[in-house]
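Remarks on the structure that follows.
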Amino acid sequence: MENGVGIEETVRELRQYFKTGKTKSVTWRKNQLKALLDLLHHNEDAMFKALHQDLGKHPVEAYRDEIGGVEKSANNALSSVEKWMAPKKCNVPLLFFPAKGELLSEPLGVVLIFSSWNFPIMVALDPLIGAISAGNVVVIKPSEQAPACSSFLANTIPRYLDSNAIKVIEGGADVCGQLLLQKWDKIFFTGSPRVANIVMSAAAKNLTPVTLELGGKCPAILDSLSNHSDLKTAVKRIVGAKWGSCGGQACIGIDYVLVEQKFSSVLIELSKSILRKFYGDNPVESKAISRIVNKQHFERLCNLLKDPLVAASIVHGGSVDEENLFVEPTILLDPPLDAQIMTEEIFGPLLPVITTNKIQESIEFINSRPKPLAIYAFTKDETLKRRILSETSSGSVTFNDTLIQFLCDTLPFGGVGQSGCGRYHGKYSFDTFSHEKAVMHGNLSIEIEPRYPPWSKFKLEFIRLAYRFNYFGLLLHMLGLKRYN
């Protein structure tokens with residue numbers, strides 16, 4: 001842990017290193033991306049061990065959700081960074097002929113990345129790829145709630161990446177507070193809305209831009225699917241999104257399901273069957289489901305179930321194991337809508353099923369709550385799809401699947417409203433850590449005198465027409481104008 005003076009000195013050194021311009025070269029950026037790939041390839045087993053120690057993640061889940069995603073992202077950036085960096089020509093109205101315009105991406109400078117505990121490798125390194133690609137110097141603050149992964153990052157990153165440009169600072173809330181006292185050129189935060197308020201307030205003091213990747217109660221809409229095979233696939237994807245990614249501790253995981261009342265029993269029975277197939281008859285013994293990260297979060301989830309009306313709505317599961325920090329995959333049918341389980345993000349293996357008379361009512365239900373990070377909708381009804389897209393607001397919408405939008409580099413990932421601001425992944429990560437500078441190349445060989453005083457009616461008419469027509473249209477009109485002196 002570094003004290004406030006140490007952190008201040010670290011930031012000062014980073015800023016001095018950035019001023020040398022070394023990180024702006026394509027060679028430096030590519031070398032760092034190659035080094036990051038080496039880090040992943042050489043330390044896969046160590047990452048598997050750390051992720052299992054912190055969260056009980058199985059190696060397959062760890063590779064699918066974290067290591068593999070970072071590798072894919074780094075390879076994409078490595079093959080694309082020269083194209084991303086290249087100046088982009090812009091169309092300039094003929095009125096400005098022969099001037100030319102272009103956009104030039106430049107790094108923001110010294111950036112701070114706060115990563116989260118539920119995907120401690122992915123959410124630290126994936127934003128780092130964007131920051132490196134854009135040519136910045138970086139401080140990563142891993143979550144202290146995933147101590148094994150935090151230690152891995154702190155000890156391993158300096159062995160592979162440029163230690164003058166990329167630092168890892170460990171610690172708890174006091175270190176976070178000291179970091180937020182510094183002046184940054186960008187802060188990238190992944191976590192809860194509560195902490196995001198603190199981050200944004202601190203950033204505002206220096207007018208520091210922020211990207212906030214938060215969460216929210218992401219709903220899944222299950223429409224009536226007449227084909228049993230389609231229905232089974234839909235429910236399998238719902239179960240996988242709820243319990244198969246960090247045991248329900250995922251910001252893009254499904255928080256609750258909306259379904260017509262007459263289909264709720266089919267959903268529940270299919271979910272039970274798939275859960276048994278995934279995790280066996282005694283899930284606490286399964287090696288395929290992650291455990292709750294710590295006792296504090298375990299107790300929070302247990303408290304959600306203590307409400308007698310909530311407990312009465314449990315139709316599957318409900319058991320807990322404090323020694324192993326394990327909460328059984330639990331399904332609840334129509335818990336009270338004013339209970340905490342329906343007003344706060346669950347972030348755990350509890351799945352409320354909310355019934356409606358008609359599935360179209362799900363749109364109003366979603367709109368009555370804060371904007372979610374993602375909406376998942378299983379339907380073949382094109383009218384319902386259009387209504388979901390036009391009448392709801394969310395970070396993303398995925399039809400007939402779950403979670404895949406997170407891994408698609410050609411789509412931006414981010415929230416809206418309470419679920420976050422800003423976006424990243426692929427080229428969008430590069431853009432997040434860049435300033436796109438507008439550049440205009442004027443020409444001294446042609447002068448348009450009506451832009452200067454003294455003013456006259458002729459000049460007013462010239463300027464008026466200049467705004468209304470393109471350059472050649474303006475010339476044609478001017479040929480017919482009577483000159484006013």
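Scope of the values below: all heavy atoms of this structure, side chains included, with no hydrogens, waters or symmetry mates. Along the sequence shown, the residues carry numbers beginning at 1.
- Annotation for C251 and G215: closest pair CB-CA, 4.0 Å, computed over non-hydrogen atoms.
- Across all non-hydrogen atoms, the minimal contact from S286 to A288 is OG-N, 3.0 Å.
- With sequence neighbours excluded, no residue forms a side-chain hydrogen bond (donor to acceptor under 3.5 Å, both in side chains) with D45.
- Using a cut-off of 4.0 Å between Lys/Arg side-chain N and Asp/Glu carboxylate O, E361 and K358 are scored as not salt-bridged.
- For the side-chain hydrogen bond (donor to acceptor under 3.5 Å, both in side chains) test with K186, the passing option among N136, T211, T432 is T211; the others fail.
- A donor-acceptor contact shorter than 3.5 Å links the side chain of D334 to the backbone of T355.
- Between R29 and E82 no salt bridge is recorded (no basic side-chain N to carboxylate O distance below 4.0 Å).
- Annotation: the span from F413 atom CZ to E213 atom CD amounts to 5.5 Å, rounded to 0.5 Å.
- Annotation: the span from T233 atom OG1 to I238 atom CD1 amounts to 11.0 Å, rounded to 0.5 Å.
- Smallest separation of non-hydrogen atoms from A250 and S245: CB-O, 3.9 Å.
- Between the CG atom of L78 and the CG atom of L33 there is a distance of 5.5 Å, given to the nearest 0.5 Å.
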Atom pairs and distances, donor-acceptor, side-chain atoms in residues 189-202, under 3.5 Å, two or more places apart:
from, atom 1, to, atom 2, distance (Å)
S192, OG, V195, N, 3.3
N197, ND2, P193, O, 3.3
S201, OG, N197, O, 2.8

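- Atom OG1 of residue T402 and atom NZ of residue K242 lie 12.5 Å apart, to the nearest 0.5 angstrom.
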**Request:** Determine, step by step, whether I121 and L153 satisfy the side-chain contact (heavy atoms from CB on, under 4.5 Å) criterion, reporting the C-alpha distance in whole Å, the side-chain angles of both residues, the deciding distance to 0.1 Å, and the verdict.
**Result:** CA-CA 8 Å; I121 301 296; L153 293 169; 4.3 Å; yes
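- Using modelled atom types, one finds no donor on one side chain facing an acceptor on the other under 3.5 Å when comparing S273 with R276.
- The ring-ring contact (aromatic ring centres under 6.0 Å, His included) pairs that include a residue from residues 296-351 are W117-H297, W117-F347, where partners are two or more places apart or lie in different chains.
- Under the 3.5 Å distance criterion, with hydrogens and angles disregarded, a donor-acceptor pair is assigned to the side chains of E71 and Y63.
- Two residues are said to be in side-chain contact when any heavy atoms from C-beta on lie closer than 4.5 Å; D54 and P147 meet this criterion.
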**Message:** Between Y424 and I129, is the side-chain contact (heavy atoms from CB on, under 4.5 Å) condition met? List the steps.
**Reply:** CA-CA 10 Å; Y424 73 123; I129 290 168; over 6 Å; no
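- Between the CD1 atom of I359 and the CZ atom of F365 there is a distance of 11.5 Å, given to the nearest 0.5 Å.
- When all heavy atoms are compared, the tightest approach of V92 to M440 is CG1-CE, 3.9 Å.
- Side chains of E328 and Y279: a donor-acceptor N/O pair is absent below 3.5 angstrom, by distance only.
- Aromatic ring centroids of F119 and F406 lie 6.0 Å or more apart.
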**Item:** Stepwise side-chain contact (heavy atoms from CB on, under 4.5 Å) check, I346 with Y256
**Value:** CA-CA 9 Å; I346 295 171; Y256 62 94; 5.8 Å; no
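- The local environment of NZ in K287 is sparse, with at most 12 non-hydrogen atoms from other residues, nucleotides or ligands closer than 6.0 Å.
- For the side-chain contact (heavy atoms from CB on, under 4.5 Å) with R386, the qualifying choice from L389, T383, L384, I388 is T383, the only one to do so.
- Here the straight-line distance linking atom CG of L231 with atom NZ of K236 works out to 12.0 Å at 0.5 Å rounding.
- Contact between I341 and D255 at its shortest, heavy atoms only, is O-OD1, 4.5 Å.
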**Request:** Let me see the working for L304 and L301 under side-chain contact (heavy atoms from CB on, under 4.5 Å), right down to the final yes or no.
**Result:** CA-CA 5 Å; L304 294 179; L301 291 166; 4.1 Å; yes
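- Of the possible donor and acceptor atoms, none in the side chain of N43 sits under 3.5 Å from a partner among the backbone N and O of A46.
- N294 and Q145 are linked by a side-chain donor-acceptor pair at a separation below 3.5 angstrom, with hydrogens and angles left out of the test.
- Of the charged side-chain nitrogens involved, none lies within less than 4.0 Å of a carboxylate oxygen, so that K57 and D65 do not count as a salt-bridged pair.
- Between N206 and T208, the side chains place no donor N or O within less than 3.5 Å of an acceptor N or O (distance only, hydrogens not considered).
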